[in-house]
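Inspection log for the structure reproduced underneath, given as C-alpha cells.
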Amino acid sequence: MKLYYAPEFSSLADHITMLEAGFKFHIIRVDLKTKEIEGGGSYFEINPKGYVPTLVLDDGQVLTENVAILTWVADREPTLAPSGDLGRYRLVEMLSFIATEIHKRLPLYLSAPEDFKPHVRKDFLRFIGLLADRVENGYLFGDTFGPADAYLFVMARGAAQLEFALPAPFAGYIARVEARPCVQEALRREREN
C-alpha cells in the first residue's frame, strides 16, 4: 500500500491510524503547492482532486478522503472502532463531524481576509468545544484510541499551532495523543521523508 501525504497535514491522521493498525505501507510525499510527488510526477495522476490523503491499495484501487480511509482502516482492524451495534456508525458520525465542521474551518481560516478570521475561529472553537468533555480524561470513545482521535488530534494540534484558545481539556488531550508511540513514529517518518 501507498499513502500519499503532505507533512503534518490532515493525512497525518491516516498515517497514525495505519501505524496503530499495524499495516505495512509506504508513504509518498506530495508537494501541495506544485502538486508534484516525491520522485517526480504529477499528483493529479494519482488523485485528480489534488489534495491529501490518497491511499493506493495493493491491488491498485485508490481511496481518498479522510473519512473513507479512516473507516476502511477501522473495518480491517476492529479494535480501533467503537464497540457495540452502532459502533461503526458512531465512528462515521464522529469522523464526518470532524471533517465537515472542524477540519474545513482551518483552511478557510488560513485563506480568509483578516476581518473574517475571528468569525471562522469562533465557529471552529464552538464546534471543537462540543468534544471537550469527551476528551477530558481519555479519548473520544472512552479509554480506546481510534481513528477519530487521530483526526481530531491533527485538527486540535494545528489549531493550537495557530494559537487558537482551545478549551482546557485539549492541552492534555493533545499531549496524551502525541505521546503515543505510533504518533511519534508517524511524525518522525513525515519529518525525515
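We number each residue from 1, following the sequence as shown.
- Residues meeting the ring pair (Phe, Tyr, Trp, His ring centres under 6.0 Å) test with Tyr139, sequence neighbours left out: Phe145.
- A donor-acceptor contact shorter than 3.5 Å is absent between the side chain of Lys2 and the backbone of Val56.
- Counting heavy atoms from C-beta outward, Ile102 and Leu152 have side chains that approach closer than 4.5 Å.
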Exercise for review: Could you go through the side chain to side chain contact (heavy atoms under 4.5 Å, CB included) check for Phe124 and Leu166 one step at a time?
Suggested key: CA-CA 9 Å; Phe124 178 92; Leu166 294 172; 3.9 Å; yes
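- At least one donor-acceptor pair closer than 3.5 Å links the side chain of Arg176 to the backbone N or O of Gly138.
- Counting heavy atoms from C-beta outward, Leu3 and Ile28 have side chains that stay 4.5 Å or more apart.
- Annotation: side-chain hydrogen bond (donor to acceptor under 3.5 Å, both in side chains) contacts of His103 (sequence neighbours excluded): Tyr151.
- Using a 4.5 Å heavy-atom threshold, the side chains of Val30 and Tyr5 count as separate.
- In plain terms, the two heavy atoms of Met155 and Leu106 that are nearest each other are O-CD1, 3.7 Å.
- The neighbour count for Phe9 CZ, taken as heavy atoms of other residues, nucleotides or ligands under 6.0 Å away, does not exceed 12.
- When all heavy atoms are compared, the tightest approach of Ala156 to Phe170 is CB-CD2, 3.9 Å.
- With 3.5 Å as the limit, one finds a donor-acceptor pair spanning the side chains of Asn66 and Ser10.
- Pairing each heavy atom of Ala99 with each of Val67, the nearest pair is CB-CG2, 3.8 Å.
- For Arg126, the side chain to side chain contact (heavy atoms under 4.5 Å, CB included) partners are Asp123, not counting sequence neighbours.
- With sequence neighbours excluded, no residue forms a salt bridge (Lys or Arg N to Asp or Glu O under 4.0 Å) with Arg76.
- Between Phe164 and Ile128, every side-chain heavy-atom pair lies at or beyond the 4.5 Å cut-off.
- The salt bridge (Lys or Arg N to Asp or Glu O under 4.0 Å) check on Glu77 picks up nothing, with sequence neighbours excluded.
- Residues passing the side chain to side chain contact (heavy atoms under 4.5 Å, CB included) test with Leu57, sequence neighbours excluded: Met1, Leu55, Asp59, Gln61, Trp72.
- From Arg189, atom CZ reaches atom CD of Gln184 across 14.0 Å, with rounding to the nearest 0.5 Å.
- For Lys122 (side chain) and Pro118 (main-chain N/O), no donor-acceptor pair under 3.5 Å exists by modelled atom type.
- With rounding to the nearest 0.5 angstrom, the NE2 atom of His119 is 11.5 Å from the CG atom of Leu108.
- Applying the 6.0 Å contact sphere to OH of Tyr89 captures no more than 12 heavy atoms from other residues, nucleotides or ligands.
- Considering all non-hydrogen atoms of both residues, Thr17 and Ala13 come closest at OG1-O, 2.8 Å.
- Pairs of residues two or more places apart, or lying in two chains, that qualify as side chain to side chain donor-acceptor pair (under 3.5 Å) and include a residue from residues 105-116 are Glu101-Arg105, Tyr109-Arg121, Glu114-Lys117.
- If you run side-chain contact (heavy atoms from CB on, under 4.5 Å) between Asp14 and each of Leu19, Val154, Leu70, only Leu70 comes through.
- The shortest distance between side-chain heavy atoms of His15 and Leu187 does not fall below 4.5 Å.
- The side-chain heavy atoms of Thr144 and Thr79, taken from C-beta on, include no pair separated by under 4.5 Å.
- Sorted by first then second residue, the ring pair (Phe, Tyr, Trp, His ring centres under 6.0 Å) pairs that include residues 28-47, not counting sequence neighbours, are Tyr4-Tyr43.
- Considering every non-hydrogen atom in both Ile16 and Ala150, the closest pair reads CG2-CB, 4.0 Å.
- Legend: residues meeting side chain to side chain contact (heavy atoms under 4.5 Å, CB included) with Ala74, ordered by chain and number and at least two apart, are Ala81, Leu91, Pro147.
- Ala171 meets the side chain to side chain contact (heavy atoms under 4.5 Å, CB included) test with no other residue; sequence neighbours excluded.
- Considering every non-hydrogen atom in both Ala6 and Ser11, the closest pair reads N-OG, 3.2 Å.
- Other residues sharing the hydrophobic cluster of Tyr51, ordered by chain and number and joined by side-chain separations under 4.5 Å: none, the residue standing alone.
- Here side chain to side chain donor-acceptor pair (under 3.5 Å) pairs that include residues 156-174, with residues two or more places apart or in two chains, are Glu8-Arg157, Asp149-Tyr173, Arg157-Glu178.
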